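Below you'll find the structure I mean.
Everything quoted here is computed from the prediction, not taken from an experiment.
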Amino acid sequence: MSAPTVAARRILPALCLAAALPLAMSACAGPRPAAEMPSSAEQSAAAGQTPAEPAAPAQPAPLPPRPSCNAEAAKAGAIGKHADAATVERARTAAGGRTVRVLKPGQAITKEYLDGRVNVRVDENDLIVDVGCG
């Protein structure tokens with residue numbers, strides 16, 4: 001090997017380390033305290049711009065009223081009756097629900113809870129055996 005090649009092999013790792021060291025040290029530095037950081041108004045003034053008015057915080061939209069369901073109010077008028085469309089609708093309105101579903105024995109159902117939903121459980125003869133919410 002020639003002398004310049006050997007010298008370059010010895011110096012190259014040292015140069016790489018010297019170049020990477022400042023980057024590694026800056027990663028270890030902690031955040032600057034807020035008092036040392038310029039505000040946006042100071043930055044605008046330094047750039048020759050006029051500071052903009054701060055935006056007013058937006059008011060959150062009011063939450064819609066939660067639907068409620070009172071299955072106890074519907075049980076007395078529904079249990080033991082045939083689950084025809086009119087009876088199921090009366091159970092929904094009596095419970096104060098938005099939606100209603102009829103659940104038959106062995107039927108696959110979803111398990112999510114919906115507060116405004118009325119569940120009408122029937123037996124094999126379509127007689128209402130229970131009214132619940134969810």
Side-chain angles (χ1 to χ4, degrees):
M1 262 193 221
S2 66
T5 306
V6 173
R9 283 189 172 176
R10 289 184 183 165
I11 293 176
L12 186 59
L15 288 175
C16 289
L17 180 62
L21 190 60
L23 181 61
M25 294 302 292
S26 67
C28 296
R32 290 175 32 190
E36 293 179 10
M37 298 173 115
S39 68
S40 59
E42 291 171 345
Q43 289 176 349
S44 297
Q49 301 170 349
T50 59
E53 288 292 319
Q59 296 294 327
L63 295 175
R66 284 191 69 182
S68 62
C69 176
N70 180 7
E72 296 301 319
K75 284 183 180 182
I79 292 181
K81 295 189 177 171
H82 184 68
D84 58 12
T87 306
V88 171
E89 181 61 19
R90 278 195 302 271
R92 183 194 66 78
T93 55
R98 281 189 289 152
T99 59
V100 64
R101 66 179 176 176
V102 177
L103 305 173
K104 299 183 181 208
Q107 177 182 349
I109 61 170
T110 59
K111 296 290 185 176
E112 83 278 3
Y113 180 84
L114 298 177
D115 191 37
R117 179 171 58 194
V118 178
N119 295 316
V120 176
R121 294 190 183 274
V122 298
D123 63 8
E124 297 82 18
N125 301 320
D126 279 344
L127 294 178
I128 299 174
V129 294
D130 191 26
V131 177
C133 295

Minimal heavy-atom distance between Lys104 and Asp126, with the atoms involved, is NZ-OD1, 3.9 Å
When you look at CZ of Arg121, are more than 12 heavy atoms from neighbouring residues, nucleotides or ligands closer to it than 6.0 Å?
no
| said: Please find the pair of heavy atoms, one from Gly134 and one from Arg117, that lie closest to each other, and give the distance. | reply: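 Looks like O-NH2, 2.5 Å.
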Shortest non-hydrogen contact from Ala83 toward Val122
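It is CB-CG1, 3.5 Å.
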Run the side chain to side chain contact (heavy atoms under 4.5 Å, CB included) check on Ile79 and Val129 step by step: do they pass?
CA-CA 5 Å; Ile79 292 181; Val129 294; 5.9 Å; no
Handout entry: Asn125 backbone acceptor or donor facing Asp123 side chain under 3.5 Å
Key =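 Flag set: sc Asp123 to bb Asn125 pair under 3.5 Å.
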Requested in this report: Would you kindly say whether Arg90 and Thr87 are connected by a side-chain donor-acceptor distance under 3.5 Å?
Outcome: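 Distance-only check passes for Arg90 and Thr87.
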Smallest heavy-atom separation, Cys133 atom then Ala71 atom, equals SG-N, 3.6 Å
Does Asp130 come within less than 4.0 Å of Lys75, counting only side-chain N to carboxylate O? yes
So CG of Leu103 and CG of Asn119: to nearest 0.5 Å the spacing works out to 5.0 Å
Report yes if some heavy atom in the side chain of Arg101 is under 4.5 Å from a heavy atom in the side chain of Thr99; otherwise report no.
no
Smallest heavy-atom separation, Ala91 atom then Ala74 atom, equals O-CB, 3.4 Å
- prompt: Would Val88 and Val102 satisfy side chain to side chain contact (heavy atoms under 4.5 Å, CB included), going step by step from the backbone distance to the final call?
  reply: CA-CA 8 Å; Val88 171; Val102 177; 3.8 Å; yes
inquiry  = Could you report the tightest heavy-atom contact between Val118 and Gly97, atom names first, then the distance?
reply    =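 In terms of heavy atoms, the two residues are closest at CG2-CA, 3.9 Å.
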